[in-house]
Amino acid sequence: MVPDNAKTIPVIDFRRRSMVLQWHAPGGTWTACDTPPPLVHGVALIRVSQPNICVYGHAGRLRLQVGSNQFALSENSPRISCTRGVGSFGFRRHFTVDSSTGSVLYSYSYWTNQRHDFFRWLATKAEDPDWRVTSGRQWSEGLTAEALRSG
């Protein structure tokens, strides 16, 4: 289990099937693991020109982190969505994280040129309040990288 004062959390890389990272929560940065740990606690999307994003389990709940900004994911809040852009034949998408009061916490528009779309994956999973609760508990305790990838 990740301790309450965790600053470094082992997570899988969303794009690289065999890569495990050490996620540095205070700054939203990462380092590669030389020796992958037996259990991981989340999934990270590493990007060169945008803030890194990570979803991980901590203290029984899921947390979403964009750069250094962290958001606790409860059953229905914040609201996470990924919509297709109008007039782009579905190739442009808009990902948003809205607070329970409706204010935008994070917004990102992008072209979909990849087979595996982290933002669509996250928005689809996060629609299910049971997934948020169950994953928060399981990911906090830790799963093997293979088990987390298959879920």
Side-chain angles (χ1 to χ4, degrees), residues 1-33 36-85 92-110 112 114 116-151:
M1 186 164 202
V2 177
D4 282 342
N5 61 353
K7 296 190 188 312
T8 303
I9 303 149
V11 300
I12 59 173
D13 184 298
F14 183 79
R15 292 186 184 141
R16 295 169 197 91
R17 298 290 301 168
S18 61
M19 188 168 192
V20 175
L21 312 169
Q22 290 292 342
W23 180 257
H24 305 286
T29 60
W30 62 279
T31 53
C33 288
L39 300 177
V40 293
H41 302 275
V43 179
L45 176 67
I46 305 307
R47 304 180 297 169
V48 176
S49 62
Q50 300 289 326
N52 298 315
I53 297 176
C54 188
V55 180
Y56 61 91
H58 179 71
R61 297 183 74 178
L62 281 181
R63 298 196 61 78
L64 170 63
Q65 185 168 354
V66 180
S68 60
N69 298 317
Q70 295 185 26
F71 313 102
L73 299 182
S74 63
E75 286 183 51
N76 296 305
S77 180
R79 184 175 174 272
I80 298 173
S81 64
C82 186
T83 57
R84 293 177 187 256
R92 185 137 176 95
R93 298 200 182 202
H94 188 76
F95 177 80
T96 56
V97 179
D98 295 321
S99 73
S100 58
T101 61
S103 63
V104 176
L105 301 173
Y106 179 73
S107 178
Y108 177 64
S109 293
Y110 63 101
T112 58
Q114 300 171 349
H116 301 291
D117 184 341
F118 175 84
F119 299 105
R120 189 177 70 179
W121 168 82
L122 178 57
T124 301
K125 291 289 194 178
E127 284 178 352
D128 181 1
D130 292 334
W131 178 82
R132 289 184 186 212
V133 172
T134 302
S135 296
R137 204 170 41 251
Q138 290 176 342
W139 293 14
S140 291
E141 293 171 4
L143 298 167
T144 64
E146 295 79 25
L148 198 139
R149 285 188 198 287
S150 66

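Quantities reported herein were computed from a predicted structural model and do not represent experimental measurements.
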Which value, rounded to the nearest 0.5 Å, describes the distance between [X] atom [atom1] and [Y] atom [atom2]?
X      : Y      : atom1 : atom2 : answer
Leu105 : Phe71  : CG    : CZ    : 4.5 Å
His58  : Gln65  : NE2   : CD    : 11.0 Å
Thr8   : His41  : OG1   : NE2   : 11.5 Å
Tyr56  : Ser140 : OH    : OG    : 10.0 Å
Gln70  : Leu64  : CD    : CG    : 9.5 Å
Trp23  : Thr29  : CH2   : OG1   : 7.0 Å

Would you indicate whether the side-chain heavy atoms of [Y] and [X] approach each other to under 4.5 Å?
X      : Y      : answer
Leu73  : Arg61  : no
Glu75  : Val133 : yes
Arg132 : Ile80  : yes
Gln22  : Pro10  : yes
Leu122 : Leu45  : no
Pro78  : Asp98  : no
Gln138 : Leu148 : no
Phe118 : Ile46  : no

Checking Asn52 side chain against Arg47 main chain: does a donor-acceptor pair fall under 3.5 Å? yes

Got a donor-acceptor contact below 3.5 angstrom from the Ser103 side chain to the Ser99 backbone? no

Candidate list Phe14, Tyr110, Tyr106, test ring pair (Phe, Tyr, Trp, His ring centres under 6.0 Å), partner Phe119, passing option: Tyr110

Among Asp128, Leu62, Val43, find the residue that satisfies the side chain to side chain contact (heavy atoms under 4.5 Å, CB included) test when tested with Ser135. Leu62

Minimum heavy-atom distance between Ala32 and Met19, given as atom pair plus value: CB-CE, 3.7 Å

For Arg120 and Arg93 the tightest heavy-atom approach is CD-NH1, 2.7 Å

Have Thr83 and Ser81 got a donor and an acceptor in their side chains that come within less than 3.5 Å? no

